[in-house]
Engineer: 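First the structure, which I've put down as structure tokens, then a few questions once you've had a look.
We count residues from 1, following the sequence as given. Note that the coordinates shown come from a computational prediction; the quantities given were computed from them, not determined experimentally.
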Amino acid sequence: MTTATPRQATLSPRVLDSAGLPTLSLRPARPEDAAALARLSRPFVRSGALRERPLSLYAAHASDFLVAETPEGTLDGCVGLRAHPADEAAGRPAAGVLYNFCVAGRRQGCGVGARLLNAALARARNRSLRSLFTATTGGGHLFLRHGFAPACANLAPASWAQSLDPRRNARILARAL
């Protein structure tokens with residue numbers, strides 16, 4: 001008869017990013033993420049970088065969002081992508097709008113925004129969108145590094161362009177896909 005000596009269970013090592021934080025996974029948001037999306041967005045709303053949105057909007061439009069999630073389930077980044085159908089009368093092809101793009105302060109500068117943006121670009125291509133638009137009250141450096149350029153609102157989906165608040169003085173950026 002042989003006996004085996006019990007071995008201590010080994011835990012898989014935690015993978016850390018360059019800032020020493022646990023790595024994030026990207027996934028589509030779910031309606032139950034609405035409260036976490038609102039919480040993540042709150043500091044950006046307070047700073048004026050984002051417009052306030054009710055919790056019900058996050059729940060109703062959860063399928064628009066991609067999220068960056070920690071292994072513990074905390075959301076450390078998000079971006080919404082709303083698809084707009086072609087407007088043949090205006091000569092506009094199907095386009096998308098990126099909105100509510102935010103990354104938790106502790107994750108900024110770690111590549112999370114770039115990962116989210118690249119995933120949103122891939123999602124837009126998979127939906128056969130011809131261009132992407134966004135509005136930013138900041139410098140838009142991440143967008144500019146990823147091929148976006150200043151654009152006129154009249155080139156954007158009309159319903160989105162009309163919803164922009166001129167008091168925010170946001171810059172419109174666009175990118176062809």
Side-chain angles (χ1 to χ4, degrees), residues 26-68 75 77-105 108 112-177:
L26 298 186
R27 66 168 175 81
R30 302 178 289 258
E32 57 268 23
D33 292 322
L37 288 166
R39 234 182 347 269
L40 177 62
S41 302
R42 197 166 295 127
F44 299 92
V45 170
R46 281 194 298 260
S47 75
L50 289 179
R51 293 191 296 187
E52 188 163 7
R53 293 176 170 86
L55 186 61
S56 60
L57 187 130
Y58 288 110
H61 295 285
S63 63
D64 285 357
F65 285 88
L66 292 169
V67 297
L75 299 188
C78 67
V79 62
L81 168 61
R82 175 81 41 89
H84 292 264
D87 181 350
E88 292 180 24
R92 292 185 184 127
V97 171
L98 295 177
Y99 71 100
N100 207 101
F101 193 173
C102 52
V103 174
Q108 291 179 13
V112 175
R115 285 184 61 202
L116 282 165
L117 184 53
N118 284 326
L121 289 168
R123 188 181 237 200
R125 284 186 199 100
N126 287 339
R127 292 182 178 175
S128 300
L129 301 177
R130 305 281 293 170
S131 57
L132 278 179
F133 292 84
T134 195
T136 180
T137 57
H141 303 295
L142 178 65
F143 294 110
L144 296 171
R145 284 195 309 269
H146 283 82
F148 284 75
C152 296
N154 62 352
L155 299 174
S159 61
W160 175 74
Q162 292 164 0
S163 75
L164 295 172
D165 182 351
R167 295 171 296 177
R168 293 178 51 80
N169 200 28
R171 239 171 107 189
I172 304 216
L173 303 174
R175 176 191 164 149
L177 296 174

Engineer: For residues Tyr99 and Phe133, establish whether the separation of their ring centroids is below 6.0 Å.
Structural biologist: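 No, too far apart.
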Engineer: Would a distance-only check, ignoring hydrogens and angles, find a side-chain to backbone donor-acceptor pair under 3.5 Å from Arg92 to Ala156?
Structural biologist: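 At least one qualifying donor-acceptor pair exists.
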Engineer: Hey, is CD on Glu88 packed in by over 12 heavy atoms from elsewhere, all under 6.0 Å?
Structural biologist: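 Check fails, neighbour count at 12 or below.
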Engineer: Check step by step if side chain to side chain contact (heavy atoms under 4.5 Å, CB included) holds for Arg27 and Asp33.
Structural biologist: CA-CA 11 Å; Arg27 66 168 175 81; Asp33 292 322; 2.8 Å; yes
Engineer: Taking the side chain as every heavy atom from C-beta outward, state whether Pro28 and Arg123 have any atom pair closer than 4.5 Å.
Structural biologist: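 Side chain of Pro28 against side chain of Arg123, heavy atoms only: contact under 4.5 Å found.
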Engineer: Pick out which of Leu177, Leu129, Leu98, Asn126 makes a side chain to side chain contact (heavy atoms under 4.5 Å, CB included) with Leu121.
Structural biologist: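 Option passing the side chain to side chain contact (heavy atoms under 4.5 Å, CB included) with Leu121: Leu177.
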Engineer: Decide yes or no for Leu173 and Thr136: does some side-chain heavy atom of the first lie under 4.5 Å from some side-chain heavy atom of the second?
Structural biologist: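 Of all side-chain heavy-atom pairs linking Thr136 with Leu173, at least one is under 4.5 Å.
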Engineer: Could you pull out the closest heavy-atom pair between Ala120 and Leu66, with the gap in Å?
Structural biologist: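 Closest approach of Ala120 to Leu66, heavy atoms only: N-CD1, 3.6 Å.
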Engineer: Who passes ring-ring contact (aromatic ring centres under 6.0 Å, His included) against Phe148, sequence neighbours left out?
Structural biologist: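 Phe143.
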Engineer: Can you tell me if CZ on Arg130 sees more than 12 non-hydrogen neighbours from other groups inside 6.0 Å?
Structural biologist: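 Incorrect, the count does not exceed 12.
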Engineer: Which pair of non-hydrogen atoms, one from Arg127 and one from Leu81, has the smallest distance, and what is that distance?
Structural biologist: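 In terms of heavy atoms, the two residues are closest at NH1-O, 3.9 Å.
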Engineer: With a 4.5 Å cut-off on side-chain heavy atoms, are Arg51 and Thr137 touching?
Structural biologist: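 SC-SC contact between Thr137 and Arg51 ruled out.
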Engineer: Do you see a donor-acceptor pair shorter than 3.5 Å between the side chains of Tyr58 and Arg53?
Structural biologist: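 Side-chain D/A pair, Tyr58 to Arg53: absent.
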Engineer: Of the non-hydrogen atoms in Leu144 and Gly139, which two are nearest, and what is the gap between them?
Structural biologist: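 Scanning both residues, the minimum pair turns out to be CD1-O, 3.9 Å.
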Engineer: Any side-chain heavy-atom pair from Arg82 and Ser159 closer than 4.5 angstrom?
Structural biologist: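 No, side chains not in contact.
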Engineer: Would you compute the distance between atom OG1 of Thr134 and atom CZ of Arg175 and round it to the nearest 0.5 angstrom?
Structural biologist: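 Here the interatomic distance stands at 13.0 Å.
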Engineer: Measuring only between side-chain heavy atoms, which start at C-beta, is Phe65 closer than 4.5 Å to Leu37?
Structural biologist: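 Phe65 reaches Leu37 side chain to side chain.
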Engineer: Quick check: do Ile172 and Leu164 have side-chain heavy atoms less than 4.5 Å from each other?
Structural biologist: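 SC-SC contact between Ile172 and Leu164 confirmed.
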Engineer: Give me the atom names and distance for the closest heavy-atom approach of Asn100 to Ser41.
Structural biologist: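 Here Asn100 and Ser41 meet closest at ND2-OG, 2.8 Å.
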Engineer: Can you name the closest pair of heavy atoms from Val103 and Gln108 and give their distance?
Structural biologist: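 It is O-NE2, 2.8 Å.
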Engineer: Are the side chain of His61 and the backbone of Leu57 linked by a donor-acceptor contact shorter than 3.5 Å?
Structural biologist: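 Judged by distance alone, no pair lies under 3.5 Å.
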Engineer: Counting C-beta onward and ignoring hydrogens, is there a side-chain heavy-atom pair between Pro150 and Arg171 closer than 4.5 Å?
Structural biologist: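 Result yes, sub-4.5 Å side-chain heavy-atom pair found.
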Engineer: If you take all heavy atoms of Leu116 and Cys102, which pair is closest and at what distance?
Structural biologist: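 For Leu116 and Cys102, the tightest heavy-atom pair comes out as CD1-O, 4.4 Å.
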